Amino acid sequence: MKFQNNIFTKTINKYFYYLFTLNITSNYCAFIHNHQMYNLILIGVLSASIAYFENLICTIIQQKTIQKIYIGSLLIIYNILCIAEYFSYINFHRILNQDVIDIIAETNTKEISNFFSSYIDKHWILFFFFIFLSLNLIFYKFSSVIAKSKYIGYICLCLSFIGTIVYGYTAYNFILYRNGMGIPQLTTITRVTYSYYITHNRSQDIKNLNQVCKKVNVFIQDITNSPQIVVVIGESYSLFHSSLYEYEIETNPLLNQHKKDGNLFIYNNAVTIDDHTHNVMRSIYSLASQTNQFSQVPLFPACFKSAGYRTILYDNQYFIGNGTTFLTDKELSHTLFHYRNTHGFSYDGDMIEDIYISDSTSLYVIHLTGQHYTYANQYPKEFQYFKAEDYNSDIHNIEQRNIIAHYDNATRYNDFVINKIIKKFKDLNCCLVYFSDHGEEVYDCRDYMGHGNAVHSPNMDYQIRIPFMIYTSPSFQENYPQTVERIKQSQNYPISSDDVPHLLLDIANIKTEHFDPTRSCINEKYDTLRHRIVLNSIDFDNR
């Protein structure tokens with residue numbers, strides 16, 4: 001049988017080589033990310049099998065117009081994947097995976113605008129367009145030339161066959177064990193497809209979680225004498241840029257005063273379990289540990305609501321219908337909260353102005369934009385206290401110093417915002433807990449700003465350690481002196497934001513079967529020796 005006469009061998013043509021080259025280009029980023037030789041071999045055979053089946057479909061299609069549309073669509077998809085894959089790796093040292101898909105799905109319009117202004121220079125867009133156009137022309141010409149070689153065609157057919165076997169084996173394991181790692185992670189197209197599959201399955205998890213939250217059973221002795229609870233969740237707050245934590249620049253003058261007055265207690269050894277918002281939000285809402293059994297264990301607002309608290313959410317990032325997360329689901333939101341805001345605000349301070357104080361005993365959850373990039377967009381002009389010349393030119397260049405100044409200005413504005421929240425609640429019997437979802441690198445230990453790749457950082461502390469503080473109003477201190485004393489004693493305990501729900505239930509004295517006293521830092525049964533797991537598998541206390 002001649003090579004050109006069989007439908008399965010006829011697929012090894014110029015279009016195959018073109019698609020094969022695009023696959024290799026896209027998937028090669030996974031090898032850069034984890035440069036072991038067997039990964040390079042697997043990338044080769046998997047790329048060949050994908051290109052083979054893509055071109056097989058093209059060969060089966062008889063109509064020329066449909067063929068051209070099909071091939072054109074593939075080329076557009078692969079070029080987008082190539083650009084996105086390398087952009088993500090160059091800027092964040094991340095390949096396109098579930099974490100990145102989560103961030104994209106949950107990003108609102110304002111954050112998209114900030115992202116583009118931070119990382120994409122419009123003057124380079126046209127340049128990269130011509131670069132990729134040139135690469136595609138080179139790939140196509142190369143494919144036309146190499147397609148004339150019969151022997152290379154046989155080699156590629158063998159590679160495709162081996163790649164198909166690899167896919168078959170991993171698919172079998174996935175069906176058998178439902179293990180996501182069984183899906184080949186070395187090719188962009190399968191990685192992105194699997195991530196979409198996970199995102200799609202979340203809808204069922206949210207349905208299950210909604211039923212769990214509706215049926216939660218709690219006990220509270222006397223709701224009328226219970227304190228107001230305020231939970232403030234910051235964003236991208238580096239404690240290394242906080243004067244509460246000995247940063248040499250005064251970024252927290254207002255909170256420092258509350259600390260001196262004895263109303264604000266600063267925790268010195270707090271960490272988050274992850275370096276981007278989605279996983280952190282799951283962990284700080286759920287009474288589960290490390291988000292294990294997330295859909296089987298209630299969220300803390302459901303416990304407060306069941307106890308008789310009025311539950312209120314003010315969120316400047318998540319909105320109903322915007323994304324595929326539990327915080328954007330309409331039905332679950334109604335289960336958790338009596339009220340939540342429906343729109344965002346240009347600045348966090350504007351949102352605080354909008355907060356209405358309820359006459360009932362209430363839980364307030366306030367999620368800020370905080371110091372999320374672009375830092376310059378997170379504070380009004382009147383809060384521009386710091387400029388590039390305030391920073392050491394021997395350590396950072398002018399661009400870096402400008403960005404650091406913007407970040408510190410955003411931190412100074414965040415100080416104003418938290419103080420504004422405190423002023424709003426200080427006359428109530430109130431306990432306020434503030435912490436950030438994760439930290440941030442701002443050229444602290446390398447030429448990098450942002451978060452989301454702590455595992456590759458020379459020092460993960462910048463992204464994993466977080467500011468954590470508790471404010472107690474004069475009325476709360478008078479009514480709950482023992483609780484205040486336990487807060488004072490726990491300031492140097494090793495704590496994790498993953499345990500916040502148990503701390504909140506303890507402060508409010510709400511009992512439920514899911515409450516674990518060993519996870520509340522103010523409880524006498526708190527386990528100070530428990531090691532904190534971050535980034536899914538790293539023992540932060542035993543590195």
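Quantities reported herein were computed from a predicted structural model and do not represent experimental measurements.
Using the six-membered ring where Trp is involved, Tyr339 and Tyr314 have ring planes that are tilted, between 30° and 60° apart. The aromatic rings of Phe304 and Phe300 sit perpendicular, their planes meeting at an angle over 60°, well past the 30° parallel limit. Using cut-offs of 30° and 60° on the angle between ring planes, the pair Tyr385 and Phe383 is perpendicular.
Side-chain contact between Thr483 and Thr472 is absent, with no heavy-atom pair separated by less than 4.5 Å. No side-chain heavy atom of Asn409 sits less than 4.5 Å from a side-chain heavy atom of Tyr375.
Applying the ring pair (Phe, Tyr, Trp, His ring centres under 6.0 Å) criterion to Tyr245, with sequence neighbours excluded, gives no partner residue. Listed by chain and residue number, nothing satisfies the side-chain hydrogen bond (donor to acceptor under 3.5 Å, both in side chains) test with Asp205 (two or more places apart in sequence, or in another chain). For the side-chain hydrogen bond (donor to acceptor under 3.5 Å, both in side chains) test, residues two or more places apart in sequence or in another chain that qualify with Asn225 are Asp222. In this structure His456 satisfies the ring pair (Phe, Tyr, Trp, His ring centres under 6.0 Å) test together with His33, sequence neighbours excluded. In this structure Tyr267 satisfies the ring pair (Phe, Tyr, Trp, His ring centres under 6.0 Å) test together with Phe468, sequence neighbours excluded. Not counting sequence neighbours, Thr528 has no partner by the side-chain hydrogen bond (donor to acceptor under 3.5 Å, both in side chains) test. Remark: Phe240 engages Tyr462 in a ring pair (Phe, Tyr, Trp, His ring centres under 6.0 Å) (not counting sequence neighbours).
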Evaluate ring-ring contact (aromatic ring centres under 6.0 Å, His included) for Tyr364 paired with Phe425, printing each intermediate quantity in order. CA-CA 10 Å; Tyr364 300 84; Phe425 290 95; 4.8 Å; yes
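The side chain to side chain donor-acceptor pair (under 3.5 Å) contacts involving residues 410-422 comprise Asn252-Asp415, His258-Asn419, Glu353-Lys420, Gln371-Thr411, Asn414-Tyr434, where partners must be two or more places apart or lie in separate chains. Screening residues 316-343 for salt bridge (Lys or Arg N to Asp or Glu O under 4.0 Å) gives Lys214-Glu331 as the qualifying pairs, with residues at least two apart or on separate chains. Evaluation of the salt bridge (Lys or Arg N to Asp or Glu O under 4.0 Å) test over residues 381-408, restricted to residues two or more places apart or in two chains, returns none. The stretch residues 449-477 participates, sequence neighbours left out, in these salt bridge (Lys or Arg N to Asp or Glu O under 4.0 Å) pairs: Asp461-Arg543. The salt bridge (Lys or Arg N to Asp or Glu O under 4.0 Å) contacts involving residues 492-516 comprise Asp498-Arg519, Asp499-Arg519, Asp499-Arg530, where partners must be two or more places apart or lie in separate chains.
When each of Thr272, Asp541, Asn542 is paired with Arg532, the side chain to side chain donor-acceptor pair (under 3.5 Å) condition holds for Asp541 and for no other. Of the listed residues (Ser496, Pro494, Ser497), just one forms a side chain to side chain contact (heavy atoms under 4.5 Å, CB included) with Val271, and that residue is Ser496.
Residues Leu503 and Cys521 come closest through the heavy atom pair CD1-SG, 4.0 Å. In plain terms, the two heavy atoms of Ala508 and Ile220 that are nearest each other are O-CD1, 3.8 Å. The minimum heavy-atom distance between Cys431 and Phe476, with the atom names listed, is CB-CE1, 3.7 Å. The two residues Ser457 and Cys445 come nearest to each other via the heavy atoms OG-SG, 3.7 Å. Here the shortest heavy-atom pairing between Lys426 and Tyr471 reads CB-OH, 3.4 Å. Closest heavy-atom contact between Val484 and Gln477: CG2-CA, 3.8 Å.
In this structure, Asn536 places its CG atom where only 12 or fewer heavy-atom neighbours from other residues, nucleotides or ligands lie under 6.0 Å away. Counting non-hydrogen atoms of other residues, nucleotides and ligands closer than 6.0 Å to CD of Gln257 gives a total above 12.
Using a 3.5 Å distance cut-off with no hydrogens or angles, the side chains of Asn453 and Glu441 do not pair a donor with an acceptor. A donor atom on one side chain and an acceptor atom on the other are found under 3.5 Å apart for Asn256 and Ser243. Between the side chains of His367 and Asp437, no donor-acceptor pair is found at a separation under 3.5 Å. Side chains of Gln463 and His451: no donor on one and acceptor on the other come within 3.5 Å. Remark: the Glu235 side chain and the Thr277 side chain contain an N/O donor-acceptor pair separated by less than 3.5 Å. Between the side chains of His531 and Asp539, at least one donor N or O lies within less than 3.5 Å of an accepting N or O.
With hydrogens and angles ignored, the 3.5 Å screen pairs no side-chain donor or acceptor of Ser283 with any backbone N or O of Thr291. Judged by distance alone, the side chain of Ser490 and the main-chain N or O of Arg486 form a donor-acceptor pair under 3.5 Å.
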